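Here the structure comes first, spelled out in C-alpha cells, and everything after it is commentary.
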Amino acid sequence: MERHMGQPEEKRAGRKILSVVVPMYQAEAYIARCLDSFLIREPEALSRVEILVIDDGGTDGAAAIAETYAKRYPDTYRVFHKENGGHGSGINFGIAYAEGTYFKVVDADDWVDTDAFGRLVRELERLEKGDADTDVVYTGFRWVSDNGQTGGRMGILGRRKTRRASMPRGQKARRPLLSERLWAGYAVASGKRGAGHTVVPGRRQAIRFPMPGRHAESGEPFKGVVYGRTYSFDKVADRIYMKMHHMTIRTEILKKHRIRLDEHCYYVDMEFITFPVPYVNTICFLDESVYRYRIGVDGQSVAIKSMQKNEENYDRVIRSLLEFYARQGAQIPCSEAKKRYIASIIARMAAGKAKILLSYPEPAGRAREWRTFDERMKAEYPEVYQANRNPALTVLRVTGYRTLGLLSFGVRRFY
C-alpha cells in the first residue's frame with residue numbers, strides 16, 4: 001500500500017526547479033543529517049526545491065524522522081511509504097511523482113553540502129531563464145568515510161586524488177604491490193559500493209585512497225572545461241565519466257522516455273546513469289562539490305564481500321546494459337559518440353566482474369566461466385570489449401589469463 005505525507009500538489013507553493021529523490025530503507029542513523037543538508041538559507045530558493053523521501057518498507061524509525069520534516073516544511077518535504085522494492089524501485093517511484101524541472105538522487109545515508117546545493121539551485125534557475133536548453137548539470141562530489149576522513153574531488157574516469165590519513169609518528173605506510181596498483185585509481189561502479197581504501201583490521205596504518213589518474217589532480221571533469229558553459233554532450237562524451245552523484249538531469253527526459261530501473265536488484269545506479277544517455281543533448285559543468293558520499297558502512301554493495309554475495313545481481317545489470325546497448329541505433333536513435341560512451345560504462349562493469357573473479361582465493365576454478373564471458377563480449381560486443389581502460393583486465397587478457405594468480409593476490413591485498 002502506498003501513502004504519503006506532505007502538502008497536496010494544489011496547495012504547495014510555486015513551481016519547483018529541482019526534485020531530489022531520497023530512496024530510504026533502514027536509514028534511521030543517517031536520515032536526519034541527509035534531510036538537514038537540503039535546508040538552504042534563502043527561503044525563496046528553498047521554496048523551489050522538493051525533497052521526495054521514498055520509504056521502501058523500512059521497519060526502523062527513519063520514516064518517523066522524515067515525517068517531522070514534512071510537517072515542519074510541507075512545501076519542501078514529501079514522504080512516501082511503499083512496499084519494499086529495492087533502490088531502483090525507490091528511484092522509479094520518485095520519477096513518477098517528481099514535479100521539478102530537474103531531478104537528482106541522493107541516497108539516505110549520504111548528504112549534500114548545503115551551501116554548494118544552494119548554488120546549484122540558483123544555477124538551475126539561471127539555466128531555466130536562459131536560452132540554453134540544458135539537459136544535464138554535472139557537479140562534483142566528495143566521499144567521507146565513517147571515521148570522518150574526507151576524500152578528494154572526483155575527476156575524470158572516477159579517479160581520485162591520493163590522500164592519506166595521519167599515521168603514528170615514525171611508522172611508514174606500506175608501498176602497494178604492482179598487482180595492487182593495477183587496480184588502484186579505477187572506480188568500477190558508481191555508488192558507495194566499493195570503498196576505495198585499504199584498512200587492515202588490527203594494523204595501525206594509513207588509510208589508502210585510490211591512486212591518481214590522468215586528470216584527477218585538478219578535479220576537473222575534463223581538461224580545459226569552462227564551468228557554467230553548456231556543451232554538446234556528443235562533443236565531450238569521450239572525455240567524461242558521470243556517476244549518479246555527479247548528475248542532475250532534466251526530469252522530462254526521465255518521464256518522456258519512461259526510464260525505469262530494475263527492482264529488487266543492486267547496482268542499478270549504473271542503469272540510472274546509462275538509460276537516459278541517448279536522449280541527452282547538452283550538459284553544463286559547475287565548479288561545485290555538492291554531493292557527500294559516505295563510505296565505510298558495513299554491507300555496502302560494492303564492498304568486495306558484498307560483490308561476491310550479490311554477484312548474480314551484478315550479472316543481471318550487465319545483461320540489462322548489454323541488451324540496452326544492442327538496441328541503440330536500430331530501435332533507439334543514438335549517435336556514435338553516445339554509443340561509445342555507453343560502451344565505456346559497460347566496460348567498467350565488465351572490469352568489476354573481473355574484480356569479483358580475482359577476489360576469490362582460488363580464482364582458477366572459475367577462470368573458464370570468465371573466459372567464456374569475456375570471449376562472448378569480444379565476439380558480440382567488440383566496442384564494449386575494446387572500451388576497457390582497466391589495466392589489470394588488460395594484463396589478464398594480454399597474458400592469456402596466465403597472470404590470474406598474481407592479480408588475484410593483489411586484489412585480495414588491496415581490498
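All of these numbers come straight from a predicted model, not from anything done at the bench.
Among the candidates Phe272, Trp111, Phe141, Tyr138, the single residue satisfying the ring-ring contact (aromatic ring centres under 6.0 Å, His included) test with His245 is Phe141. Residue Glu311 forms a salt bridge (charged side-chain N to carboxylate O under 4.0 Å, His left out) with just one option from Arg366, Lys305, Lys355, and that option is Arg366. Under the salt bridge (charged side-chain N to carboxylate O under 4.0 Å, His left out) test applied with Arg292, the options Asp113, Asp109, Asp110 reduce to a single match, Asp113.
For Glu271, the salt bridge (Lys or Arg N to Asp or Glu O under 4.0 Å) test picks out no residue, with sequence neighbours left out. Take Arg33 and apply the side chain to side chain donor-acceptor pair (under 3.5 Å) test, not counting sequence neighbours, and it matches no residue. Evaluation of the side chain to side chain donor-acceptor pair (under 3.5 Å) rule for Arg340 yields Asp238 as partners, not counting sequence neighbours. Every residue two or more places apart in sequence or in another chain that forms a ring pair (Phe, Tyr, Trp, His ring centres under 6.0 Å) with Phe324 is listed here: Phe275. Tyr341 pairs by the ring pair (Phe, Tyr, Trp, His ring centres under 6.0 Å) definition with Phe233, not counting sequence neighbours. Applying the ring pair (Phe, Tyr, Trp, His ring centres under 6.0 Å) criterion to Tyr73, with sequence neighbours excluded, gives Tyr77. Listed by chain and residue number, nothing satisfies the side chain to side chain contact (heavy atoms under 4.5 Å, CB included) test with Arg258 (two or more places apart in sequence, or in another chain). The side chain to side chain donor-acceptor pair (under 3.5 Å) search around Glu28 returns none, not counting sequence neighbours. Residues that satisfy the ring pair (Phe, Tyr, Trp, His ring centres under 6.0 Å) test with His257, not counting sequence neighbours, are Tyr279. In terms of the side chain to side chain donor-acceptor pair (under 3.5 Å) criterion, Thr114 has no residue partners (sequence neighbours excluded). In this structure Arg402 satisfies the salt bridge (Lys or Arg N to Asp or Glu O under 4.0 Å) test with no other residue, sequence neighbours excluded.
Contact of the Leu120 side chain with the Glu288 side chain is not registered, since no non-hydrogen atoms from C-beta on lie closer than 4.5 Å. For the pair Val290/Arg142, no side-chain contact is recorded, criterion being any heavy-atom separation below 4.5 Å from C-beta on. Within the 4.5 Å cutoff, side-chain heavy atoms of Tyr231 are placed close to those of Val226.
At a cut-off of 3.5 Å, with distance as the only test, a side-chain donor of Ser89 or Lys82 sits close to an acceptor on the other residue. Judged purely by distance below 3.5 Å, without hydrogens or angles, the side chains of Asn84 and Tyr25 never pair a donor atom with an acceptor atom. Between the side chains of Ser408 and Arg412, at least one donor-acceptor pair of N or O atoms lies under 3.5 Å. Side-chain polar atoms of His87 and Asp107 form a donor-acceptor pair below 3.5 angstrom. A donor atom on one side chain and an acceptor atom on the other are found under 3.5 Å apart for Gln308 and Ser359. Judged purely by distance below 3.5 Å, without hydrogens or angles, the side chains of Asp36 and Tyr69 pair a donor atom with an acceptor atom.
If you look at Phe285 and Tyr227, their ring centroids are not closer than 6.0 Å.
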* Asked: Does the salt bridge (Lys or Arg N to Asp or Glu O under 4.0 Å) test come out yes or no for Arg48 and Glu125, once each step is laid out?
  -> CA-CA 9 Å; Arg48 301 221 56 201; Glu125 291 179 321; 3.5 Å; yes

* To do: Applying side chain to side chain donor-acceptor pair (under 3.5 Å), run through Glu50 and Thr76 and close with a yes or a no.
  => CA-CA 5 Å; Glu50 63 171 4; Thr76 299; over 6 Å; no

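Comment: Arg239 does not engage Glu220 in a salt bridge, judged by the lack of any side-chain N to carboxylate O separation of less than 4.0 angstrom. In this structure, Lys16 does not pair ionically with Glu99, as no charged nitrogen and carboxylate oxygen lie closer than 4.0 Å. A salt bridge is defined here as a Lys NZ or Arg NE, NH1 or NH2 lying under 4.0 Å from an Asp or Glu carboxylate O, and Arg126 with Glu123 meets this definition. Residues Arg15 and Glu128 are paired through a salt bridge, judged by an N-O separation under 4.0 Å between the basic side chain and the carboxylate. Taking 4.0 Å as the cut-off between side-chain N and carboxylate O, Lys255 and Glu252 do not count as a salt-bridged pair.
Nearest heavy-atom pair across Ile91 and Pro23 is CG1-CG, 4.0 Å. Here the closest non-hydrogen pair linking Gln386 and Arg389 is O-NH1, 3.2 Å. The minimum heavy-atom distance linking Cys34 with Val22 is given by the pair SG-CG1, 4.0 Å.
Sorted by first and then second residue, the side-chain hydrogen bond (donor to acceptor under 3.5 Å, both in side chains) pairs with a member in residues 391-400 read Asp374-Arg397, Asn388-Thr394, Thr399-Thr403; sequence neighbours excluded.
For Thr282 (side chain) and Asp135 (main-chain N/O), a donor-acceptor pair under 3.5 Å exists by modelled atom type.
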